[in-house]
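Heavy-atom basis, side chains included; hydrogens, waters and symmetry copies ignored. Just so you know, ligand 1 is whichever comes first in the structure, and atom 1 is the first atom listed for that ligand.
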Amino acid sequence: MRPIFIKNASQLITIKNSSNTPLIKEAMSNLGIIENGSVLIENGRIIAVGKDNALSNQYSERLKEALVIDASGKLVTPGLVDPHTHLIFAGSREQEFNMRLQGKTYMEIMEMGGGIHTTARQTKSASQEELFNEGYERLNQFLLHGVTTIEAKSGYGMEWETERKQLEVVKSLNQQHVVDIVSTFMGAHAVPKKYKVNPEQYVELVIKEMIPKVAELGLAEFNDVFCEKGVFTPKQDKRILDTGKEFGLRPKIHADEIEPYGGAELAAEVGAISADHLLKTSEIGSYLMAKRGVVGVLLPGTAYFLMAEFANARKLIDKGVPVALATDFNPGSSPTASLPFIMNLGCLKMGMTPAEVIPAATINAAHAIGRGNEIGSIEVGKKADITIFNVSNFMKLQYFYGINHTDTVIKNGQIVVKGGKIE
Ligand code: NIG
Ligand code: FE
(Lines give C-alpha, C1' and ligand atoms only; values in the text may rest on other atoms or scores of the structure.)
(Ligands and ions follow the chains in the order given, each with its own letter.)
Protein backbone atom coordinates (compact mmCIF):
# COMPACT_ATOMS: atom_id res chain seq x y z
CA MET A 1 0.00 0.00 0.00
CA ARG A 2 1.45 3.39 -1.01
CA PRO A 3 1.89 5.89 1.85
CA ILE A 4 -0.47 8.88 1.74
CA PHE A 5 0.65 12.38 2.60
CA ILE A 6 -2.09 14.90 3.37
CA LYS A 7 -0.26 18.13 2.80
CA ASN A 8 -0.58 21.62 4.16
CA ALA A 9 -4.13 21.79 5.47
CA SER A 10 -5.37 25.24 6.31
CA GLN A 11 -6.50 23.74 9.63
CA LEU A 12 -5.63 20.26 10.76
CA ILE A 13 -7.82 19.34 13.72
CA THR A 14 -5.97 16.68 15.70
CA ILE A 15 -7.97 16.64 18.98
CA LYS A 16 -4.90 15.31 20.71
CA ASN A 17 -6.27 13.38 23.66
CA SER A 18 -3.67 11.75 25.81
CA SER A 19 -6.11 10.90 28.60
CA ASN A 20 -7.99 8.10 26.82
CA THR A 21 -11.27 9.26 28.28
CA PRO A 22 -13.95 11.37 26.59
CA LEU A 23 -13.46 15.12 26.66
CA ILE A 24 -15.44 17.18 29.14
CA LYS A 25 -16.07 20.88 29.85
CA GLU A 26 -13.38 23.25 28.51
CA ALA A 27 -11.39 20.35 27.08
CA MET A 28 -14.14 19.99 24.47
CA SER A 29 -12.93 23.27 22.96
CA ASN A 30 -9.34 22.16 22.75
CA LEU A 31 -9.14 21.00 19.16
CA GLY A 32 -5.35 20.73 18.86
CA ILE A 33 -5.35 22.76 15.65
CA ILE A 34 -2.24 22.76 13.48
CA GLU A 35 -2.22 25.43 10.80
CA ASN A 36 -0.44 24.38 7.61
CA GLY A 37 -0.67 20.89 9.01
CA SER A 38 0.22 17.60 7.35
CA VAL A 39 -0.34 13.92 8.09
CA LEU A 40 1.63 10.91 6.91
CA ILE A 41 -0.23 7.60 6.62
CA GLU A 42 1.20 4.15 6.04
CA ASN A 43 -0.38 0.70 6.18
CA GLY A 44 -3.70 2.08 7.36
CA ARG A 45 -2.21 3.94 10.32
CA ILE A 46 -1.23 7.51 11.10
CA ILE A 47 2.53 7.62 11.40
CA ALA A 48 3.30 11.35 11.62
CA VAL A 49 1.35 14.54 12.32
CA GLY A 50 2.71 18.10 12.36
CA LYS A 51 3.55 21.32 10.56
CA ASP A 52 3.97 20.79 6.83
CA ASN A 53 7.54 22.09 6.60
CA ALA A 54 8.74 19.94 9.50
CA LEU A 55 7.17 16.76 8.14
CA SER A 56 8.25 17.45 4.56
CA ASN A 57 11.87 17.70 5.73
CA GLN A 58 11.84 14.84 8.15
CA TYR A 59 10.18 12.35 5.80
CA SER A 60 11.56 13.60 2.48
CA GLU A 61 12.75 10.11 1.44
CA ARG A 62 9.46 8.38 2.28
CA LEU A 63 7.48 11.11 0.58
CA LYS A 64 9.05 10.29 -2.78
CA GLU A 65 6.81 7.23 -3.08
CA ALA A 66 3.80 8.75 -1.28
CA LEU A 67 0.52 9.74 -2.83
CA VAL A 68 0.22 13.44 -2.00
CA ILE A 69 -3.17 15.01 -1.29
CA ASP A 70 -2.95 18.78 -1.43
CA ALA A 71 -5.14 20.06 1.40
CA SER A 72 -4.24 23.75 0.98
CA GLY A 73 -7.21 25.91 1.92
CA LYS A 74 -9.03 22.91 3.42
CA LEU A 75 -10.07 21.62 6.81
CA VAL A 76 -8.84 18.19 7.90
CA THR A 77 -10.59 16.40 10.77
CA PRO A 78 -10.70 12.89 12.19
CA GLY A 79 -13.24 10.79 10.25
CA LEU A 80 -16.63 11.54 11.77
CA VAL A 81 -18.17 8.92 14.06
CA ASP A 82 -21.94 8.42 14.40
CA PRO A 83 -22.60 6.57 17.69
CA HIS A 84 -26.37 6.04 17.37
CA THR A 85 -28.23 4.82 14.29
CA HIS A 86 -31.05 2.43 13.47
CA LEU A 87 -29.45 1.63 10.11
CA ILE A 88 -31.30 -1.53 9.14
CA PHE A 89 -35.00 -1.33 8.33
CA ALA A 90 -37.33 -1.73 5.39
CA GLY A 91 -39.71 0.88 4.02
CA SER A 92 -40.15 4.48 5.06
CA ARG A 93 -42.75 6.49 6.99
CA GLU A 94 -43.45 9.65 5.03
CA GLN A 95 -47.21 9.16 5.59
CA GLU A 96 -46.67 9.39 9.34
CA PHE A 97 -44.48 12.42 8.81
CA ASN A 98 -47.44 13.98 7.09
CA MET A 99 -49.76 12.96 9.95
CA ARG A 100 -47.41 14.62 12.43
CA LEU A 101 -47.48 17.78 10.34
CA GLN A 102 -51.27 17.68 10.77
CA GLY A 103 -50.90 17.51 14.56
CA LYS A 104 -50.67 13.83 15.55
CA THR A 105 -47.83 13.10 17.95
CA TYR A 106 -45.13 10.44 17.61
CA MET A 107 -46.50 8.50 20.60
CA GLU A 108 -50.12 8.71 19.36
CA ILE A 109 -49.07 7.21 16.04
CA MET A 110 -47.19 4.44 17.82
CA GLU A 111 -50.16 3.70 20.09
CA MET A 112 -52.38 3.38 17.00
CA GLY A 113 -50.09 0.55 15.84
CA GLY A 114 -47.97 2.75 13.60
CA GLY A 115 -44.50 4.13 14.24
CA ILE A 116 -41.95 1.48 15.19
CA HIS A 117 -44.65 -1.17 14.58
CA THR A 118 -45.06 -0.07 10.95
CA THR A 119 -41.34 -0.46 10.34
CA ALA A 120 -41.28 -3.78 12.22
CA ARG A 121 -43.94 -5.23 9.90
CA GLN A 122 -42.04 -4.10 6.82
CA THR A 123 -38.70 -5.29 8.16
CA LYS A 124 -40.13 -8.71 9.02
CA SER A 125 -41.25 -9.28 5.46
CA ALA A 126 -38.03 -8.01 3.83
CA SER A 127 -35.33 -10.46 2.80
CA GLN A 128 -31.83 -10.33 4.20
CA GLU A 129 -30.60 -9.37 0.75
CA GLU A 130 -33.02 -6.43 0.48
CA LEU A 131 -31.98 -5.16 3.89
CA PHE A 132 -28.32 -5.56 2.96
CA ASN A 133 -28.70 -3.61 -0.29
CA GLU A 134 -30.59 -0.76 1.36
CA GLY A 135 -28.12 -0.70 4.23
CA TYR A 136 -25.22 -0.56 1.76
CA GLU A 137 -26.67 2.50 0.02
CA ARG A 138 -27.27 4.19 3.36
CA LEU A 139 -23.67 3.56 4.39
CA ASN A 140 -22.60 5.27 1.17
CA GLN A 141 -24.64 8.30 2.24
CA PHE A 142 -22.89 8.37 5.62
CA LEU A 143 -19.50 8.09 3.94
CA LEU A 144 -20.32 10.93 1.53
CA HIS A 145 -20.96 13.10 4.58
CA GLY A 146 -17.54 12.33 6.05
CA VAL A 147 -18.57 9.56 8.45
CA THR A 148 -16.16 6.61 8.73
CA THR A 149 -17.63 4.62 11.67
CA ILE A 150 -21.19 4.18 12.87
CA GLU A 151 -23.11 2.25 15.47
CA ALA A 152 -26.20 0.33 14.29
CA LYS A 153 -29.02 -1.17 16.33
CA SER A 154 -31.52 -3.94 15.80
CA GLY A 155 -35.00 -3.36 17.23
CA TYR A 156 -37.35 -3.56 14.25
CA GLY A 157 -37.98 -7.25 14.90
CA MET A 158 -39.04 -7.59 18.51
CA GLU A 159 -39.15 -11.31 17.76
CA TRP A 160 -36.03 -13.40 17.47
CA GLU A 161 -35.90 -14.18 13.74
CA THR A 162 -36.18 -10.56 12.61
CA GLU A 163 -33.81 -9.30 15.31
CA ARG A 164 -31.31 -11.94 14.20
CA LYS A 165 -31.80 -10.99 10.54
CA GLN A 166 -31.07 -7.33 11.27
CA LEU A 167 -27.95 -8.19 13.27
CA GLU A 168 -26.71 -10.59 10.56
CA VAL A 169 -27.11 -7.81 8.00
CA VAL A 170 -25.10 -5.46 10.22
CA LYS A 171 -22.39 -8.12 10.43
CA SER A 172 -22.19 -8.65 6.65
CA LEU A 173 -22.24 -4.91 5.96
CA ASN A 174 -19.40 -4.45 8.41
CA GLN A 175 -17.44 -7.05 6.46
CA GLN A 176 -18.30 -5.76 3.01
CA HIS A 177 -18.62 -1.99 3.30
CA VAL A 178 -15.66 0.22 4.08
CA VAL A 179 -17.52 2.06 6.87
CA ASP A 180 -16.98 0.28 10.21
CA ILE A 181 -20.15 -0.67 12.07
CA VAL A 182 -20.43 -1.36 15.78
CA SER A 183 -23.41 -3.56 16.57
CA THR A 184 -26.07 -3.06 19.25
CA PHE A 185 -28.93 -5.39 20.15
CA MET A 186 -32.14 -3.51 20.90
CA GLY A 187 -34.84 -6.10 21.45
CA ALA A 188 -36.47 -3.71 23.93
CA HIS A 189 -37.31 -1.04 21.36
CA ALA A 190 -41.11 -1.25 21.76
CA VAL A 191 -43.61 -3.63 23.31
CA PRO A 192 -45.04 -5.77 20.48
CA LYS A 193 -48.81 -5.55 20.19
CA LYS A 194 -49.46 -9.12 21.31
CA TYR A 195 -47.69 -8.40 24.62
CA LYS A 196 -49.53 -5.13 25.28
CA VAL A 197 -51.59 -6.67 28.07
CA ASN A 198 -48.57 -8.38 29.61
CA PRO A 199 -45.37 -6.54 28.74
CA GLU A 200 -43.48 -8.52 31.41
CA GLN A 201 -43.82 -11.57 29.20
CA TYR A 202 -41.96 -9.77 26.42
CA VAL A 203 -39.27 -8.65 28.88
CA GLU A 204 -38.85 -12.32 29.84
CA LEU A 205 -38.47 -13.24 26.18
CA VAL A 206 -35.73 -10.65 25.71
CA ILE A 207 -33.94 -11.79 28.86
CA LYS A 208 -34.31 -15.54 28.62
CA GLU A 209 -34.14 -16.13 24.88
CA MET A 210 -32.86 -13.24 22.86
CA ILE A 211 -29.91 -11.95 24.89
CA PRO A 212 -28.34 -15.42 25.34
CA LYS A 213 -28.65 -16.09 21.60
CA VAL A 214 -27.21 -12.69 20.62
CA ALA A 215 -24.23 -13.39 22.87
CA GLU A 216 -23.80 -16.98 21.72
CA LEU A 217 -23.75 -15.94 18.06
CA GLY A 218 -21.51 -12.95 18.78
CA LEU A 219 -23.95 -10.62 17.04
CA ALA A 220 -23.62 -7.49 19.19
CA GLU A 221 -21.35 -5.62 21.56
CA PHE A 222 -23.98 -3.38 23.18
CA ASN A 223 -27.48 -3.80 24.57
CA ASP A 224 -29.89 -0.87 24.25
CA VAL A 225 -33.40 -0.25 25.66
CA PHE A 226 -36.11 2.38 25.14
CA CYS A 227 -36.75 3.73 28.64
CA GLU A 228 -39.91 5.79 28.23
CA LYS A 229 -43.36 6.11 29.79
CA GLY A 230 -45.67 3.78 27.85
CA VAL A 231 -42.76 1.71 26.52
CA PHE A 232 -40.39 0.07 29.08
CA THR A 233 -40.06 1.11 32.71
CA PRO A 234 -36.68 1.74 34.37
CA LYS A 235 -37.24 -1.43 36.41
CA GLN A 236 -37.78 -3.57 33.31
CA ASP A 237 -34.85 -1.91 31.59
CA LYS A 238 -32.58 -2.59 34.54
CA ARG A 239 -33.34 -6.30 34.34
CA ILE A 240 -32.67 -6.33 30.61
CA LEU A 241 -29.43 -4.37 30.93
CA ASP A 242 -28.17 -6.41 33.91
CA THR A 243 -28.82 -9.61 32.00
CA GLY A 244 -26.97 -8.17 28.99
CA LYS A 245 -24.00 -7.42 31.22
CA GLU A 246 -23.91 -11.04 32.40
CA PHE A 247 -23.61 -12.01 28.75
CA GLY A 248 -20.90 -9.47 28.01
CA LEU A 249 -23.13 -6.83 26.35
CA ARG A 250 -22.47 -3.28 27.53
CA PRO A 251 -25.55 -1.18 28.34
CA LYS A 252 -26.84 1.81 26.39
CA ILE A 253 -30.17 3.58 27.01
CA HIS A 254 -32.65 5.66 25.02
CA ALA A 255 -33.25 7.93 28.00
CA ASP A 256 -35.71 10.70 28.87
CA GLU A 257 -36.66 11.44 25.26
CA ILE A 258 -40.29 12.36 25.69
CA GLU A 259 -40.74 12.59 29.46
CA PRO A 260 -38.37 12.64 32.43
CA TYR A 261 -38.41 8.97 33.42
CA GLY A 262 -35.21 8.17 35.27
CA GLY A 263 -33.27 7.01 32.20
CA ALA A 264 -30.14 9.03 32.96
CA GLU A 265 -30.17 7.85 36.57
CA LEU A 266 -30.47 4.27 35.40
CA ALA A 267 -27.58 4.76 32.97
CA ALA A 268 -25.35 5.82 35.85
CA GLU A 269 -26.59 2.99 38.05
CA VAL A 270 -25.90 0.21 35.55
CA GLY A 271 -22.66 1.81 34.31
CA ALA A 272 -23.95 2.36 30.77
CA ILE A 273 -21.37 3.48 28.23
CA SER A 274 -23.88 6.09 27.03
CA ALA A 275 -27.34 7.50 27.64
CA ASP A 276 -28.90 8.89 24.50
CA HIS A 277 -31.52 11.60 23.70
CA LEU A 278 -31.69 13.30 27.18
CA LEU A 279 -34.24 15.92 26.16
CA LYS A 280 -35.96 15.78 29.55
CA THR A 281 -33.20 14.61 31.83
CA SER A 282 -33.41 15.70 35.47
CA GLU A 283 -30.73 17.67 37.32
CA ILE A 284 -29.82 14.68 39.41
CA GLY A 285 -29.72 12.46 36.31
CA SER A 286 -27.15 14.63 34.57
CA TYR A 287 -25.15 15.01 37.77
CA LEU A 288 -24.97 11.22 38.13
CA MET A 289 -23.98 10.78 34.49
CA ALA A 290 -21.13 13.27 34.90
CA LYS A 291 -19.98 11.53 38.06
CA ARG A 292 -19.97 8.11 36.42
CA GLY A 293 -18.52 9.33 33.08
CA VAL A 294 -21.54 8.17 31.05
CA VAL A 295 -21.37 9.75 27.58
CA GLY A 296 -24.47 11.81 26.76
CA VAL A 297 -25.25 11.09 23.11
CA LEU A 298 -27.48 13.93 21.89
CA LEU A 299 -29.67 13.52 18.84
CA PRO A 300 -30.94 16.95 17.83
CA GLY A 301 -32.12 15.64 14.44
CA THR A 302 -34.85 13.82 16.35
CA ALA A 303 -36.05 16.89 18.24
CA TYR A 304 -35.96 18.81 14.94
CA PHE A 305 -37.93 16.19 13.03
CA LEU A 306 -40.44 15.58 15.85
CA MET A 307 -40.76 19.35 16.37
CA ALA A 308 -39.90 18.87 20.04
CA GLU A 309 -37.84 20.85 22.51
CA PHE A 310 -34.11 20.27 22.13
CA ALA A 311 -31.82 18.73 24.74
CA ASN A 312 -29.81 21.28 26.66
CA ALA A 313 -26.27 20.42 25.59
CA ARG A 314 -24.87 23.60 27.16
CA LYS A 315 -26.07 22.60 30.58
CA LEU A 316 -24.86 19.02 30.23
CA ILE A 317 -21.39 20.12 29.10
CA ASP A 318 -21.13 22.71 31.87
CA LYS A 319 -22.06 20.03 34.39
CA GLY A 320 -19.24 17.81 33.17
CA VAL A 321 -21.16 15.27 31.07
CA PRO A 322 -19.03 14.17 28.08
CA VAL A 323 -21.31 15.04 25.17
CA ALA A 324 -21.40 13.31 21.79
CA LEU A 325 -23.64 13.88 18.76
CA ALA A 326 -25.36 11.34 16.53
CA THR A 327 -27.94 11.26 13.75
CA ASP A 328 -30.26 8.62 15.31
CA PHE A 329 -30.80 7.70 11.65
CA ASN A 330 -34.18 5.91 11.53
CA PRO A 331 -37.40 6.05 9.48
CA GLY A 332 -39.60 7.60 12.17
CA SER A 333 -37.83 10.35 13.99
CA SER A 334 -34.63 11.20 12.11
CA PRO A 335 -34.22 10.03 8.53
CA THR A 336 -30.93 11.81 7.87
CA ALA A 337 -27.39 10.54 7.38
CA SER A 338 -25.90 14.03 7.60
CA LEU A 339 -23.86 14.23 10.79
CA PRO A 340 -22.58 17.70 9.75
CA PHE A 341 -26.21 18.91 9.79
CA ILE A 342 -26.63 17.43 13.27
CA MET A 343 -23.51 19.37 14.31
CA ASN A 344 -25.13 22.52 13.00
CA LEU A 345 -28.24 21.83 15.10
CA GLY A 346 -25.90 21.33 18.05
CA CYS A 347 -24.75 24.93 17.60
CA LEU A 348 -28.04 26.59 16.73
CA LYS A 349 -30.44 24.62 18.90
CA MET A 350 -28.51 23.17 21.82
CA GLY A 351 -26.08 25.91 22.80
CA MET A 352 -22.88 24.22 21.66
CA THR A 353 -20.00 26.12 20.08
CA PRO A 354 -18.60 25.35 16.61
CA ALA A 355 -15.53 24.00 18.42
CA GLU A 356 -17.43 21.69 20.80
CA VAL A 357 -19.40 19.96 18.07
CA ILE A 358 -16.16 18.60 16.59
CA PRO A 359 -15.06 16.36 19.49
CA ALA A 360 -18.75 15.54 19.97
CA ALA A 361 -18.81 13.99 16.49
CA THR A 362 -15.35 12.42 16.68
CA ILE A 363 -13.51 11.49 19.89
CA ASN A 364 -16.47 11.56 22.29
CA ALA A 365 -18.60 9.71 19.75
CA ALA A 366 -15.84 7.10 19.50
CA HIS A 367 -15.83 6.72 23.30
CA ALA A 368 -19.62 6.28 23.25
CA ILE A 369 -19.07 3.06 21.27
CA GLY A 370 -15.91 1.88 22.98
CA ARG A 371 -13.54 2.92 20.18
CA GLY A 372 -11.84 5.93 21.75
CA ASN A 373 -8.41 4.30 21.69
CA GLU A 374 -8.57 3.48 18.01
CA ILE A 375 -10.34 6.34 16.21
CA GLY A 376 -11.73 9.86 16.78
CA SER A 377 -8.50 11.87 16.74
CA ILE A 378 -5.53 12.35 14.42
CA GLU A 379 -2.69 10.95 16.46
CA VAL A 380 0.29 8.75 15.69
CA GLY A 381 -0.69 5.08 15.94
CA LYS A 382 -4.40 5.58 15.43
CA LYS A 383 -6.34 4.21 12.49
CA ALA A 384 -6.04 6.47 9.46
CA ASP A 385 -9.71 7.53 9.26
CA ILE A 386 -9.66 11.14 8.11
CA THR A 387 -12.08 13.55 6.44
CA ILE A 388 -11.10 16.57 4.36
CA PHE A 389 -13.70 19.33 4.04
CA ASN A 390 -13.83 22.02 1.40
CA VAL A 391 -13.75 24.88 3.92
CA SER A 392 -10.73 26.68 5.35
CA ASN A 393 -11.66 26.56 9.05
CA PHE A 394 -13.89 24.63 11.44
CA MET A 395 -16.29 27.53 11.99
CA LYS A 396 -17.15 27.64 8.30
CA LEU A 397 -18.24 24.02 8.53
CA GLN A 398 -21.18 25.25 10.65
CA TYR A 399 -21.56 28.70 9.13
CA PHE A 400 -22.18 27.50 5.55
CA TYR A 401 -24.90 25.16 6.74
CA GLY A 402 -26.97 22.57 4.89
CA ILE A 403 -24.19 22.10 2.34
CA ASN A 404 -22.17 18.92 2.12
CA HIS A 405 -18.57 20.16 2.34
CA THR A 406 -17.00 16.69 2.29
CA ASP A 407 -14.24 16.59 -0.30
CA THR A 408 -12.09 13.55 0.51
CA VAL A 409 -12.47 10.66 2.93
CA ILE A 410 -9.64 8.35 3.91
CA LYS A 411 -10.69 5.11 5.56
CA ASN A 412 -8.16 2.61 6.91
CA GLY A 413 -5.48 4.56 5.05
CA GLN A 414 -7.20 4.42 1.66
CA ILE A 415 -8.97 7.11 -0.31
CA VAL A 416 -12.64 6.14 -0.47
CA VAL A 417 -14.23 9.49 -1.34
CA LYS A 418 -12.56 11.91 -3.73
CA GLY A 419 -13.95 15.20 -4.98
CA GLY A 420 -17.16 14.48 -3.04
CA LYS A 421 -17.71 11.19 -4.90
CA ILE A 422 -17.25 7.57 -3.87
CA GLU A 423 -14.06 6.16 -5.44
O1 NIG B 1 -34.32 6.79 18.78
N2 NIG B 1 -37.06 6.28 20.41
C3 NIG B 1 -37.08 5.18 19.88
N4 NIG B 1 -36.45 4.82 18.78
C5 NIG B 1 -36.05 5.66 17.73
C6 NIG B 1 -37.13 5.89 16.74
C7 NIG B 1 -37.46 4.67 16.01
C8 NIG B 1 -38.58 4.82 15.02
O9 NIG B 1 -39.46 5.68 15.17
O10 NIG B 1 -38.57 4.04 14.07
C11 NIG B 1 -35.41 6.92 18.25
O12 NIG B 1 -35.94 8.03 18.09
FE1 FE C 1 -32.60 5.86 18.56
Identify each donor-acceptor pair in which a side-chain atom of residues 106-118 lies under 3.5 Å from a protein atom, sequence neighbours left out, and give them as a table.
{"residue": "E108", "atom": "OE1", "partner": "T105", "partner atom": "N", "Å": "3.0"}
{"residue": "T118", "atom": "OG1", "partner": "E96", "partner atom": "OE2", "Å": "2.9"}
{"residue": "T118", "atom": "OG1", "partner": "G115", "partner atom": "N", "Å": "3.3"}

For H86, counting its heavy atoms only, list the atoms of ligand 1 lying under 4.0 Å from any of them. 1 (O), 4 (N), 5 (C), 11 (C)
Does either side chain, that of T119 or that of R93, offer a donor lying less than 3.5 Å from an acceptor on the other one? yes
Please give me the minimum heavy-atom distance between A90 and A126, naming the atom from each residue. CB-CB, 3.8 Å
Test your reading of the model: is there a side-chain donor-acceptor pair from E246 to the backbone of T243, 3.5 Å cut-off? no
Show me which atoms of ligand 1 lie under 4.0 Å from any heavy atom of I116. 7 (C), 8 (C), 9 (O), 10 (O)
Listing residue and atom name, which protein N/O/S atoms are closer to the Fe ion (ligand 2) than 2.8 Å? H84 NE2, H86 NE2, H254 NE2, D328 OD1
Distance to 0.1 Å, residue and atom name: give those for the protein heavy atom nearest to atom 2 (N) of ligand 1. E257 OE1, 2.9 Å
Atoms in ligand 1 flagged as close to R93, the criterion being non-hydrogen separation under 4.0 Å: 8 (C), 9 (O), 10 (O)
Under a 4.0 Å heavy-atom limit, does F89 contact ligand 1 with its side chain, its backbone, both, or neither? neither
Are the aromatic ring centres of F394 and F389 under 6.0 angstrom apart? no
Does one side chain, of E94 or S92, offer a donor that lies under 3.5 Å from an acceptor on the other? yes
Quick note on ligand 1: atoms under 4.0 Å from a heavy atom of H277 include exactly 1 (O), 11 (C), 12 (O)
Of all the non-hydrogen atoms in the protein, which one sits nearest to atom 6 (C) of ligand 1, and at what distance? Y106 OH, 3.2 Å
Parallel, tilted or perpendicular for Y202 and Y195, by the 30°/60° rule? tilted
Closest to atom 10 (O) of ligand 1 (heavy atoms only, candidates F305, Y156, F329) is Y156
Close side-chain approach of I317 to M28, heavy-atom, < 4.5 Å: yes
Does any donor atom in the side chain of E168 or Q128 lie under 3.5 Å from an acceptor atom in the other side chain? no
Subset of ligand 1 atoms that lie under 4.0 Å from at least one heavy atom of D328: 1 (O), 11 (C), 12 (O)
Within a distance under 4.0 Å of any heavy atom of S333, pick out the atoms of ligand 1 and give their elements. 6 (C), 11 (C), 12 (O)
Does some non-hydrogen atom of T119 fall short of 4.0 Å from ligand 1? no
For K252 and S274, which I'm curious about, is there any donor-acceptor pair between the side chains at under 3.5 Å? yes
Could you see which bit of H189 sits under 4.0 Å from ligand 1, with heavy atoms only: side chain, backbone, both or neither? side chain
Between H189 and Y156, does the ring centroid distance fall short of 6.0 Å? yes
Would you check if there is a donor-acceptor pair between the side chains of T327 and D82 at a distance under 3.5 Å? yes
